[in-house]
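Please read these numbers as outputs of a predicted model, since none were measured by experiment.
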2 protein chains.
Amino acid sequence: MASKRVTSHDVARRAGVSRATVSLVLNRSDAVALSQETRERVRRAAAELGYRPNSAGRMLASGSTETIGLIISDAAILPIDGFIPQVLHGIGQVNRERGLHVLLEGRDSSSGPNPYEALVDTRRIDGLIVLNPRSDDEPLRALIESEFPVVLVGSIRHPKEHSVNFSSRAGISAATRLLVDLGHRRIGMVAFAAPGFVAADARVSAVRRALQTHGLTMPDDAVDYADFSAESGYHATKRLLQRQPDLTAIFAGNDTIAIGVMSAAAALGRRVPGDLSVIGFDDLPFSAWLNPALTTVHIDAVQQGALAAEMLIRLLAGKPVDARQVRLDCELVERKSCAGAP
Amino acid sequence: MASKRVTSHDVARRAGVSRATVSLVLNRSDAVALSQETRERVRRAAAELGYRPNSAGRMLASGSTETIGLIISDAAILPIDGFIPQVLHGIGQVNRERGLHVLLEGRDSSSGPNPYEALVDTRRIDGLIVLNPRSDDEPLRALIESEFPVVLVGSIRHPKEHSVNFSSRAGISAATRLLVDLGHRRIGMVAFAAPGFVAADARVSAVRRALQTHGLTMPDDAVDYADFSAESGYHATKRLLQRQPDLTAIFAGNDTIAIGVMSAAAALGRRVPGDLSVIGFDDLPFSAWLNPALTTVHIDAVQQGALAAEMLIRLLAGKPVDARQVRLDCELVERKSCAGAP
DNA sequence: TATGATACTTAACACGTGTTAGTAACGTTA
DNA sequence: TAACGTTACTAACACGTGTTAAGTATCATA
């Protein structure tokens with residue numbers, strides 16, 4: 001029974017109508033030119049046979065795949081950082097509601113220079129979401145300019161891009177004020193990725209600007225660079241604290257990095273928050289349960305994913321979007337990893 | 001230029017051959033009945049036009065989608081636990097090498113009872129990987145019995161299932177010996193999921209058996225159940241320690257739960273590892289950098305995903321697999337969260 | 001009864017590919 | 001020369017669907 005696939009032809013024969021009628025009944029509920037009785041007969045036949053339209057046939061005929069692509073610009077981050085899985089969850093939720101499918105494509109050194117071709121040019125997908133895009137990604141720029149529906153989670157600062165991003169200002173200025181109020185003056189930072197990675201750079205310069213508001217500076221020597229993992233955060237922090245031993249507070253590029261920062265502090269005999277205050281970024285689900293509970297800037301990554309998916313769906317439907325670039329707010333969540341400067 | 005799609009017909013015309021020849025040149029390098037010169041001409045024409053075969057057309061004609069499905073049995077876990085992203089990474093790596101695509105499908109309360117239909121019956125995928133399958137999943141059993149290529153990451157104890165799983169015995173018995181050697185006699189556990197969840201149950205009974213080897217028991221009262229998140233681990237641990245205040249060591253169902261366990265210990269004024277020893281499970285990338293560094297049973301989740309993907313690919317190719325059920329070993333990683341019993 | 005108008009249904013085409021049976025040209029052998 | 005294999009290619013079909021122009025009853029109206 002599973003061996004013989006059921007086609008619309010079988011349904012048509014069983015219901016005593018033509019194949020066209022079957023297609024009309026099943027897809028176009030608005031076509032009035034069909035009697036209720038025929039409708040019912042076709043529906044019953046389809047149900048009895050367990051008919052499921054072949055998707056390849058549909059794609060070919062209709063031109064729509066009912067599938068969106070999802071490209072993770074650096075696949076290696078996926079297992080290391082807690083952020084992407086949340087975005088992914090948000091995207092998945094929306095697509096499930098809408099009955100869309102998600103084609104997941106990771107990208108790494110083994111991928112060619114243009115991972116979009118394989119999805120777009122072969123018409124496997126109707127639209128695309130790109131996570132953590134890099135601004136030097138030329139094929140991506142070309143894709144955006146070609147008007148193919150693309151939504152970025154992140155940004156490459158292209159005027160025509162559609163994107164969902166965070167304006168970190170509110171959260172970071174609140175975090176900075178907290179530290180200043182607690183008496184901190186020498187504040188450092190461990191970025192979550194190397195210079196050139198837009199999102200990471202943006203956080204560093206946002207912190208710089210916020211500090212300037214209070215008449216403070218963060219010299220280049222007070223910044224070190226990690227590489228997504230807690231381990232890299234650990235090593236970066238050790239370097240940083242050796243170079244700048246009198247720092248009393250550290251911004252971690254994100255919560256995963258913050259784990260490494262706190263670990264390095266412990267290894268160097270500094271207590272958090274007594275000797276060193278630490279502020280994270282992201283507010284991952286477990287961050288409230290770390291030791292000490294992490295003070296961090298909360299980002300609703302699930303919502304970010306959901307909004308990106310909804311924006312893409314609007315694009316696919318040809319509906320206008322309110323704004324090409326959406327920016328979400330974030331806010332400080334005070335917990336236990338910050339205290340008065342020593 | 002992007003508006004007019006290039007078909008094999010265009011390539012054929014440009015190369016001065018028939019469409020069939022184009023298809024033969026591009027897909028069947030073994031077909032000797034083609035002159036080198038024609039081959040070259042077709043290839044050049046295809047390159048010049050930027051020809052990419054339409055995937056729907058290929059699927060329909062060839063019956064192969066070059067896509068595998070990936071079902072996450074409980075989508076809500078994705079953003080919470082660090083395990084699935086790792087498996088996902090392993091699967092992605094293998095598929096990227098092989099040029100296969102991955103269709104990601106989350107499952108939650110809004111999904112119907114049979115999420116497989118939408119992928120399998122519509123022929124969207126050639127094979128399927130199911131993460132964290134539940135043994136009461138009847139449609140899944142039916143799918144396995146239908147001989148459709150399915151590989152489980154986990155197990156539902158079906159004799160015909162193909163699966164990649166862990167034999168936790170080695171790691172857990174080593175962990176148990178460690179605790180016993182340290183003088184612990186009253187040992188509890190916080191499972192990572194409610195009873196009925198196979199993988200979680202398996203770990204509980206594995207720990208029970210290991211303890212029995214040493215003449216120890218773990219009564220039902222010494223086990224509590226969390227629900228994947230660190231937060232749930234925190235609450236479960238509080239319940240557990242209130243019920244059994246004289247426990248000196250706790251097995252956490254996984255590392256995420258361990259974060260909650262340690263947090264609850266701190267909240268109850270117990271120091272880890274001084275007053276309470278904690279052992280995790282998974283060895284997530286950040287676990288070595290927690291405070292204290294987590295002693296845990298290491299599982300290579302990336303490899304698990306990669307093996308599952310490779311097994312599925314063998315099934316798709318019709319090649320025999322060495323064993324329907326593969327079991328990977330795991331080993332204890334000693335760090336700082338265990339110490340002598342108080 | 002002829003004439004439209006209406007309600008319903010279908011034949012026929014389109015989507016773009018992979019594959020098989022078959023043809024034409026060409027040389028080779030009996 | 002006729003029979004025969006070999007090489008290089010192609011016509012024609014198959015895959016399963018969505019859609020539109022055209023078709024056939026049915027029925028009311030003049």
- Query: Hey, what do you get for CZ (B/Arg58) to CG (B/Asn27), rounding to the nearest 0.5 Å?
  - Reply: 4.5 Å
- Would you check if B/Leu307 and B/Val151 make a side-chain contact, meaning some heavy-atom pair closer than 4.5 Å? no
- Under 4.0 Å between any heavy atoms, over every strand shown, what does A/Ser55 touch: base, sugar-phosphate, or nothing? Just pick one. nothing
- Carboxylate-amine/guanidinium proximity below 4.0 Å for A/Glu310 and A/Arg314: no
- Ignoring hydrogens and angles, does a donor from either the side chain of A/Arg19 or the base of C/dT10 sit under 3.5 Å from an acceptor on the other? no
- B/Ser62 side chain N/O closer than 4.0 Å to the phosphate oxygens (OP1, OP2) of C/dG18? no
- By nearest nucleotide on DNA chain D, pick out whichever of A/Arg58 and B/Thr38 is the more 5' one. B/Thr38
- Rounded interatomic separation in angstrom, taking CE from B/Met59 and P from C/dG16: 14 Å
- Message: Less than 4.5 Å apart, side chain to side chain, heavy atoms only: is that true for B/Ile156 and B/Ile144?
- Response: yes
- Item | Spacing between A/Glu37 atom CD and C/dT9 atom P, to the nearest angstrom | 8 Å
- Can you check whether B/Asn27 has a side-chain N or O nearer than 4.0 Å to OP1 or OP2 of C/dG18? yes
- Task: Taking only the side-chain heavy atoms of B/Ala61 (C-beta and beyond), determine which of C/dT19, C/dA11, D/dC15 contains the nearest atom.
- Result: D/dC15
- Item | Cationic N near anionic O, under 4.0 Å, A/Glu147 to A/Lys160 | yes
- Task: Could you tell me the separation between the CG atom of B/Leu49 and the C1' atom of C/dG16, rounded to a whole number of Å?
- Result: 16 Å
- Query: Is any side-chain nitrogen or oxygen of B/Ser8 closer than 4.0 Å to OP1 or OP2 of C/dT17?
  - Reply: yes
- Item | Rounded to 10 degrees, the angle between the two terminal axes of the helix from C/dT1-D/dA30 to C/dA30-D/dT1, each from five pairs | 80°
- Message: Using a 3.5 Å distance criterion without hydrogens, assess whether the side chain of B/Asn95 forms a donor-acceptor pair with backbone atoms of B/Gly92.
- Response: no
- Task: Select one nucleotide: of D/dA8, C/dT17, D/dT17, the one nearest the side-chain heavy atoms of B/Thr7.
- Result: C/dT17
- For atom CG of A/Leu26 and atom C1' of D/dG18, their distance in whole Å: 12 Å
- Can you check the B/Leu60 CG to D/dC13 P distance for me, whole Å? 17 Å
- By nearest nucleotide on DNA chain D, pick out whichever of B/Gly16 and A/Arg52 is the more 5' one. B/Gly16
- Query: According to a strict under-4.0 Å criterion, is A/Thr21 in side-chain N/O contact with OP1 or OP2 of C/dT10?
  - Reply: yes
- Item | Sidechain-backbone polar pair: B/Arg134 side chain, B/Phe197 backbone, donor-acceptor under 3.5 Å | no
- Task: Would you indicate which nucleotide in D/dA11, C/dA11, D/dT20 comes nearest to any side-chain atom of A/Leu24?
- Result: D/dT20
- Query: Can you tell me how far P of C/dC8 sits from CD of A/Glu40, to the nearest Å?
  - Reply: 16 Å
